[in-house]
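The block underneath contains the structure these notes are about, expressed in structure tokens.
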Amino acid sequence: MWAVLAVIVFLAGQAYLFHSLGKVDGFLAQQEEVPEKEVLSLAFSDPGTAERMAQLLAGFSRENPEVEMVLHTDTAVPEAVYEGRAAVGFLSGTFCPRHGLSCFALELEDLPLQQVLWRTGTQAESTNAFLQYLGHSSGNSLKTVI
């Protein structure tokens, strides 16, 4: 009789242990589900442009927390965008776009005229969201160049 009782207690203990471990595994699985961030690479021909746009970039980050922006300076912005090293590029002054690139002139307070460049065709969601945010934030003063 003691042996039967010991087996019942042992099996009950095992059932409780497996039940508890299942809860722990479920909890750990929930903790591991970190939403993936989409990376949006922005290239600037002038490092001062990124600094002047800090408020605008911060606003985009607040509205799109799933997008991680990577900012870098590149002396060859058109090539960086065309080759995919950057999703969007900012070039001071005027630019005559080449095949495969689209651009518009961006006019913001305290910022010299910028040409915003991106690859023509289908874009990542983060790129589209950023371009729409730029248009909206600039009061829709975008002048399409191409």
Side-chain angles (χ1 to χ4, degrees), residues 7-146:
V7 168
I8 291 173
V9 169
F10 175 77
L11 293 176
Q14 292 295 318
Y16 177 76
L17 179 63
F18 285 124
H19 177 71
S20 296
L21 288 175
K23 285 184 179 179
V24 169
D25 286 342
F27 176 74
L28 292 176
Q30 283 179 338
Q31 296 301 322
E32 292 173 4
E33 292 176 16
V34 177
E36 289 187 34
K37 288 201 169 209
E38 189 173 347
V39 176
L40 176 65
S41 178
L42 305 176
F44 297 88
S45 63
D46 174 29
T49 302
E51 292 172 15
R52 291 188 194 109
M53 292 181 67
Q55 198 171 24
L56 182 88
L57 298 174
F60 177 77
S61 289
R62 276 191 304 278
E63 289 186 19
N64 300 277
E66 72 283 358
V67 178
E68 179 181 337
M69 288 190 292
V70 176
L71 313 177
H72 56 94
T73 303
D74 197 319
T75 55
V77 169
E79 287 79 12
V81 173
Y82 186 76
E83 294 169 2
R85 294 190 315 260
V88 178
F90 293 86
L91 187 62
S92 297
T94 58
F95 171 72
C96 182
R98 67 182 192 186
H99 181 71
L101 292 180
S102 297
C103 71
F104 62 77
L106 176 66
E107 295 182 69
L108 297 172
E109 282 186 38
D110 303 325
L111 186 66
L113 177 68
Q114 295 291 307
Q115 295 295 323
V116 180
L117 311 171
W118 69 96
R119 286 186 75 165
T120 303
T122 306
Q123 301 298 320
E125 286 183 36
S126 60
T127 303
N128 287 333
F130 183 71
L131 292 170
Q132 289 173 356
Y133 185 83
L134 280 179
H136 181 37
S137 297
S138 65
N140 294 323
S141 65
L142 304 178
K143 297 183 182 111
T144 302
V145 175
I146 193 168

Could you check N64 against F130 for side chain to side chain contact (heavy atoms under 4.5 Å, CB included), going step by step and ending with a plain yes or no? CA-CA 9 Å; N64 300 277; F130 183 71; over 6 Å; no
For R119 and V81: C-alpha separation, side-chain torsions, deciding distance, then whether side chain to side chain contact (heavy atoms under 4.5 Å, CB included) applies.
CA-CA 6 Å; R119 286 186 75 165; V81 173; 4.1 Å; yes
Exercise. Taking the side chain from K37 and the backbone from M69, do they hold a donor-acceptor pair closer than 3.5 Å?
Worked result: no
Legend entry - Under 3.5 Å donor-acceptor, Q123 side chain and G121 backbone: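 Pair found, side chain donor or acceptor close to backbone of G121.
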Applied to residues 38-53, the salt bridge (Lys or Arg N to Asp or Glu O under 4.0 Å) test, sequence neighbours excluded, yields D46-R52
Measure the shortest side-chain to side-chain distance between [X] and [Y] over non-hydrogen atoms and say whether it is less than 4.5 angstrom.
X    : Y    : result
S61  : V67  : no
L113 : L106 : no
V77  : L117 : yes
S92  : Q114 : yes
L57  : L42  : yes

Quick check: closest heavy atoms across H72 and A86, and the distance to 0.1 Å?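 Nearest heavy atoms, H72 then A86: NE2-CB, 4.0 Å.
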Heavy atoms of L134 and V116 approach each other most closely as CD1-CG1, 4.0 Å
- Message: Tell me whether E66 at atom CD has more than 12 heavy atoms from other residues, nucleotides or ligands lying less than 6.0 Å away.
- Response: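 Yes, enclosed.
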- request: Can you establish whether the number of heavy atoms outside Y82 located under 6.0 Å from its atom OH is more than 12?
  value: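 No, because the 6.0 Å sphere around OH of Y82 holds 12 heavy atoms or fewer from other groups.
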- [ ] Please name all residues satisfying side-chain hydrogen bond (donor to acceptor under 3.5 Å, both in side chains) with S45, sequence neighbours left out, ordered by chain then number.
- [x]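 Per chain and number, S45 pairs via side-chain hydrogen bond (donor to acceptor under 3.5 Å, both in side chains) with no residue.
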The side-chain hydrogen bond (donor to acceptor under 3.5 Å, both in side chains) partners of E83 (sequence neighbours excluded) come to R85
CG of L71 to CE of M53, rounded to nearest 0.5 Å, is 9.5 Å
ring-ring contact (aromatic ring centres under 6.0 Å, His included) test vs F90 passes for just one of F104, W118, F44, namely F44
